[in-house]
Participant: 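Structure in structure tokens, see below.
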Amino acid sequence: TTSTVPTGLIVDGEVDIAALKSKIDALLELPPAQQEVQLATLDGQLERQLWVVSGLEAELGGAAAADAAFAEHSQAIVASARASGDQPLVKSGFRQTSAPSGPNIGEGLFGGYMIIALGAGLVSTTNDLKDGESGTRSDEAKTTTATAALDKVQLDTVTTHDGEGVTTTLKTKMTINPCPDAKGQFEAKATIDVSTTKSGGSTGQKGTLDVTINWQVDDDAKLASSEADYRMQWADFSGGKGSFVEVAGAFGDTKITGATLTRSGGAASVKLLESAAVTASLYTVMAKYWIVQEAEKGWQSGRCVVLTPTAAPGSKGMKPGSNSSIAAAPRSRIDSTPVGGSVTATLSAGGASVDPAGSKVPADATFTYTAPGEVDQSGTVSLEARSKRGVAKADITFDTSGSYSYSITGGLQDFQVVGQVVCDVRGPFALESPGVATATFSGGESLSGTYTATGVFGLSYAGTYSISLPDGPGKPGTMSGSSSGETAGQAGSGTETYILTPVGPCT
């Protein structure tokens, strides 16, 4: 597959935006493999022209020698770039990610693009980092360094190749901040810096592509818009003289918002200017594609927001048919602040229901779970929070396994209970000491509360109690109560203790 440098893009020294957009649209319609061939071919044409302009071709002995050297460097630089981009993802313990394989053609700019495409995968491969966790890893030669934390991933590479009387150096630096701020905004930056010099001489070229990508995320944690600003500079040098080309512009989601050509320090041909304009634009579009795709996976994965729901009076051991209130308050994993947005709840397993179900509730959100009407049943509520700061998901499981009958024995002094069966100790329930007093316990679907006792001779006591089931519902336990009051006009206080022996499920 070959690509020709487009003509007619430069009109009166300015870039024809419509013609440039048409070229970009044509590239984006191609399958990925053909896109890579087009990118590599355009870069090869641009940089090979610069070998002529800079004087490298003449110093190497003519076109044939320059073609051989260029082909050898193209294959070496692209192969090294692919290895540099892939290596830290494996050696640092990160999971390996997929990225374009790319042809072994092009030169430094295409090699840099390969590293960015691979390096963007650092976001996906580090989405499971814990709060506060970060790390930096380098390969053995210290030519590639990968750094990752929740709020930032960075990849730095340096690749140098000597051969055929030429030295080529490729440097890349990519930084992605995948977690949006409170306004739903964040950015990524990438720089590709390539230089080619006659070995031991002062003839050669230097090029730099700087790309800055900005995102806007909406309240539903979806990409609302993205824009890429770019600047590409190429300079050739020979005997203290040379030419300079600068191409700068910006891309929105649906159109090119700007493109400017600047020339200084020498005369650059129209063919070179057109080649630079197209190459810079297409490389920016493709770098934007890979970076945005990976960043979106990050903020939608739970990397940026955490959701830890709570239930009151609790999710375990509910009384059949009773209710529990779910509080869902999503928080930023970066700065721990409320993220706003909404939370949606659905009953994903078991019974009985959650209300409201399937509807977005403004965060911080509250839902009501209703337990099944029978003992030993369960239900799972799945929650999803969405906001400008990302997505978070969580499940909370409820059950009615605590609805067991207990035989209760114990008391204090004259107040004694012997083998009284209580259907559900979460209450309310009552215990009776025949001929002495009756104690009423508040319960309220919990294992603690208040109680009062009234009986003969004006007995009137009040206090608090607590039930302990160390091995869980349906297993042996204890209860203690502390109260104060009076009997026959005499004040007193004391602590009752009871033994709870399970009888079976409460029916």
Side-chain angles (χ1 to χ4, degrees), residues 127-132 150-151 177-186 215-225 295-373 377-402 426 444-448:
N127 278 336
D128 56 356
L129 284 173
K130 297 180 175 59
D131 290 351
L150 284 176
D151 60 340
N177 303 101
C179 291
D181 62 18
K183 295 181 180 180
Q185 301 171 347
F186 57 106
W215 289 266
Q216 177 64 57
V217 179
D218 63 20
D219 287 329
D220 203 33
K222 296 179 180 178
L223 182 67
S225 63
E296 188 170 24
K297 292 177 184 178
W299 82 71
Q300 291 192 351
S301 71
R303 181 191 190 105
C304 308
V305 179
V306 63
L307 180 61
T308 307
T310 59
S315 62
K316 302 300 181 182
M318 292 181 66
K319 186 176 181 179
S322 64
N323 296 330
S324 184
S325 178
I326 304 171
R331 294 291 182 264
S332 166
R333 294 184 67 188
I334 308 305
D335 55 29
S336 302
T337 58
V339 300
S342 63
V343 183
T344 302
T346 57
L347 186 67
S348 57
S353 66
V354 62
D355 183 53
S359 301
K360 294 180 180 179
V361 178
D364 295 343
T366 301
F367 303 90
T368 299
Y369 173 75
T370 300
Q377 299 296 309
S378 66
T380 298
V381 176
S382 294
L383 301 154
E384 181 178 80
R386 286 183 169 268
S387 69
K388 288 185 169 97
R389 306 201 70 174
V391 176
K393 298 179 181 181
D395 292 337
I396 182 168
T397 298
F398 299 81
D399 65 55
T400 57
S401 62
R426 289 164 303 180
E445 300 179 9
S446 66
L447 295 177
S448 63

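All values below were derived from every heavy atom in this structure, side-chain atoms included, with hydrogens, water molecules and symmetry-related copies excluded.
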Participant: Passes side-chain contact (heavy atoms from CB on, under 4.5 Å), Leu383 versus Phe367? Steps please.
Facilitator: CA-CA 10 Å; Leu383 301 154; Phe367 303 90; 3.9 Å; yes
Participant: With rounding to the nearest 0.5 Å, note down the distance linking CD1 in Ile326 to CG in Asp355.
Facilitator: 10.5 Å
Participant: Looking at Trp215 and Leu223, would you say the former's side chain and the latter's main chain have a donor-acceptor pair under 3.5 Å?
Facilitator: no
Participant: Measuring from atom CD1 of Ile396 to atom OG1 of Thr380, what distance do you get when rounded to the nearest 0.5 angstrom?
Facilitator: 9.5 Å
Participant: If we ignore hydrogens and angles and just use 3.5 Å, is the side chain of Ser382 paired with the main-chain N or O of Thr346 as donor and acceptor?
Facilitator: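 Side chain of Ser382 to backbone of Thr346: no pair is present.
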Participant: Among Asp335, Asp151, Asp181, which residue meets the salt bridge (Lys or Arg N to Asp or Glu O under 4.0 Å) test with Arg389?
Facilitator: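 When Asp335, Asp151, Asp181 are each tested with Arg389, the salt bridge (Lys or Arg N to Asp or Glu O under 4.0 Å) holds only for Asp335.
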Participant: Would you name the heavy atoms of Pro330 and Val305 that are closest together and state the gap between them?
Facilitator: CB-CG1, 4.0 Å
Participant: To the nearest 0.5 Å, tell me how far Arg333 CZ sits from Asp131 CG.
Facilitator: 4.0 Å
Participant: Begin from the C-alpha positions of Arg303 and Leu150 and carry the test side-chain contact (heavy atoms from CB on, under 4.5 Å) through to its verdict.
Facilitator: CA-CA 7 Å; Arg303 181 191 190 105; Leu150 284 176; 3.8 Å; yes
Participant: Could you check whether Lys360 pairs with Asp219 (Lys NZ or Arg NE/NH1/NH2 to Asp/Glu carboxylate O, under 4.0 Å)?
Facilitator: no
Participant: Output the distance between atom OG (Ser225) and atom CD (Gln185), rounded to the nearest 0.5 Å.
Facilitator: 8.5 Å
Participant: Can any side-chain N or O of Gln300 pair as donor or acceptor with the backbone N or O of Ala221 at less than 3.5 Å?
Facilitator: yes
Participant: Above 12 or not: heavy atoms from other molecules or residues under 6.0 Å from NZ of Lys393?
Facilitator: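 No - once you tally the heavy atoms of other residues, nucleotides and ligands closer than 6.0 Å, there are 12 at most.
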Participant: I'd like to know if the side chain of Ser324 and the backbone of Gly314 have a donor-acceptor N/O pair within less than 3.5 Å.
Facilitator: yes
Participant: Might you point out which heavy atoms bring Val391 and Arg386 nearest each other, and give the distance in Å?
Facilitator: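 Taking Val391 first and Arg386 second, the nearest heavy atoms are CG2-NH1, 3.6 Å.
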Participant: Using 4.0 Å as the upper bound for N to carboxylate O, is an ion pair formed by Asp364 and Arg331?
Facilitator: yes
Participant: Using only atom types and a distance under 3.5 Å, with no angle test, would you say the side chain of Thr370 pairs donor to acceptor with the backbone of Ser353?
Facilitator: no
Participant: Any side-chain heavy-atom pair from Trp299 and Pro178 closer than 4.5 angstrom?
Facilitator: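 Result no, sub-4.5 Å side-chain heavy-atom pair not found.
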Participant: Donor-acceptor pair, Asp218 side chain versus Asp220 backbone, under 3.5 Å?
Facilitator: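 Yes; at least one donor-acceptor contact below 3.5 Å.
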Participant: Looking only at atom types and distance, does a side-chain atom of Gln216 sit under 3.5 Å from a main-chain N or O of Lys183, one as donor and one as acceptor?
Facilitator: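 A pair under 3.5 Å: yes.
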Participant: If I compare all heavy atoms of Ala345 with all of Val381, which pair ends up nearest, and what's the gap?
Facilitator: CB-CG1, 4.0 Å
Participant: Measure the spacing between NZ of Lys319 and OG1 of Thr400 and express it to the nearest 0.5 Å.
Facilitator: 12.5 Å
